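Letters A, B, ... are given to chains in the order of the sequence lines, protein chains preceding strands, and every chain is numbered from 1. The structure displayed is predicted, hence computed values, not measured ones.
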Number of protein chains: 2
Amino acid sequence: MAEQHIRVVLVDDHPVVRAGVRALVDAQGDLDVVGEAADSARALAVVEETRPDVVLMDLSLGEGPGGAETTRLVRAMPSPPQVLVLTTYDTEADVLEAVDAGAAGYLLKDAPPEELFRAIRGTARGETVLAPSVASRLLQRAASPAPKVSPREVEILRLLAKGLGNKEMARELLVSEATVKSHLSHIYTKLGVDTRAGAVATAIERRILRP
Amino acid sequence: MAEQHIRVVLVDDHPVVRAGVRALVDAQGDLDVVGEAADSARALAVVEETRPDVVLMDLSLGEGPGGAETTRLVRAMPSPPQVLVLTTYDTEADVLEAVDAGAAGYLLKDAPPEELFRAIRGTARGETVLAPSVASRLLQRAASPAPKVSPREVEILRLLAKGLGNKEMARELLVSEATVKSHLSHIYTKLGVDTRAGAVATAIERRILRP
DNA sequence: TGATGTCTCAACCATCGCCGGGAGACCGGG
DNA sequence: CCCGGTCTCCCGGCGATGGTTGAGACATCA
């Protein structure tokens, strides 16, 4: 064999998923699962200790820092492993955040095992691996202008979903009511709506807000 | 052994999860995984063929009928197996729909394996098994009066999430604008909010609307 | 040094939400 | 039987709120 075995660490808060990936991956001759972690802190410790080639990262890790933030921390380590995101959702925001955090690939949990194996091997070689649905979604978005809402506007959206009025938001954010209205107008144009209700709906749909 | 082996069928659209549950469950001496299915149609066929004692059912099955509807169909078979829902979310509406469909238990995927095994054995004996977080949520809801919104009000909510104004809704529904406002007021009191935006947010959260 | 983007603000008018009302349908108890 | 309770659906007017327009200050970046 010219190739070394590829060392893999699993990060996922679901024991069932960890067991599944381990069972599938360990059955491959050239892939070894050398560690598991259920949260961000343990993930960093396990990676530090086992020095894997690839980290399979879930994005939702229950309590504490999420998978995107954990990816960033892992990639900040000296001679870091590649990170392959393995998650349930392929939302615009999720993908972009993960890629921005330094992920080398993005795969969905409903992918067939063969695709998972190919993705792990490709990621270990430094390739960028995207699930087909993720790739097409990215291309689709690349065509239409990116609707990126600013941090302040996200703040507004959060209060909006709580049913606050403009006056209340203004008090909460320590600005004038006119400012709040201005932010709202910008949000409307960015999201392609013209009402508070529509803004909340599409913000939730695009995962800018989480229910 | 006084006990027969408990025969289990897995229904989940994620190969990884199926592999995980299979690996964990098969390692138990008294539990046998006798079949798997990734969608509703195959689930019914596999159950018909293997006659299991317990079906582990995911609620989101990708295309086609969901887990709740599939549970209903399985329970409608002659001398049906028990159904144990194993899913990611513990939303009010999800739990109620599953229980209404005939599920005997509701477990979350982040549950430790031991809890899963206990749940399977309990379900096979006909017990009702609820995850702690699910149970507490149900009790909490049982205390507060059920906020049941009428079909007409759901219609209003749908249009509301699209960002329509009262006048537009009135035209759409062939009623006066005043009527729309009245419906909205009722929706507000039922949902415990006092704005359109808040209504949309909590409607989505309570799964009255789907994103 | 423009160009771009974010955050801030004020005034004008349409719109929304609350407060009253009322009509028809269903159901269990007197 | 009919009666009161409950539910859904319907309406109008009034005051508060929301959305638009237009504009300035401040950063970053090519």
With a 4.0 Å cut-off, would you call B:Glu153 and B:Lys190 a salt bridge?
yes
Just one of B:Val180, B:Val200, B:Asn166, B:Leu209 clears the side-chain contact (heavy atoms from CB on, under 4.5 Å) bar with B:Leu160, so which one?
B:Val200
Whole angstrom value for the distance that separates C1' of D:dT8 from CD of B:Glu155:
15 Å
Hey, is the main chain of B:Gly163 close enough, under 3.5 Å, to the side chain of B:Arg196 for a donor-acceptor pair?
no
With B:Pro81, the side-chain contact (heavy atoms from CB on, under 4.5 Å) member among B:Val54, B:Val47, B:Val9:
B:Val47
Less than 4.0 Å between a side-chain N and a carboxylate O, is that true for B:Glu155 and B:Arg152?
no
Reading DNA chain D 5' to 3', what string of ( ), [ ], | and . shows its pairs, if Watson-Crick and G-U wobble pairs count only when both distances fall under 3.5 Å?
|..|||||||||||||||||||||||||||
With the threshold set at 4.0 Å, does a side-chain nitrogen-carboxylate oxygen contact exist between B:Glu168 and B:Arg171?
no
Summary of protein contacts for nucleotides 8-25 of chain C, nucleotide by nucleotide, where a base hit scores B, a sugar-phosphate-only hit scores S (4.0 Å, heavy atoms):
BBB----SBBB-------
Protein-nucleotide distance (B:Met169, atom CE; D:dC9, atom C1'), rounded to Å
16 Å
Round to a whole Å and report the spacing from CD1 of B:Ile187 to P of D:dC10.
13 Å
A:Arg18, A:Arg42, A:Lys109 screened by salt bridge (Lys or Arg N to Asp or Glu O under 4.0 Å) with A:Asp12, the one that passes
A:Lys109
In whole angstroms, the gap separating P of C:dT6 from CD of A:Glu153 amounts to 6 Å
Side chains of B:Glu172 and B:Lys162: closer than 4.5 Å at any heavy-atom pair?
no
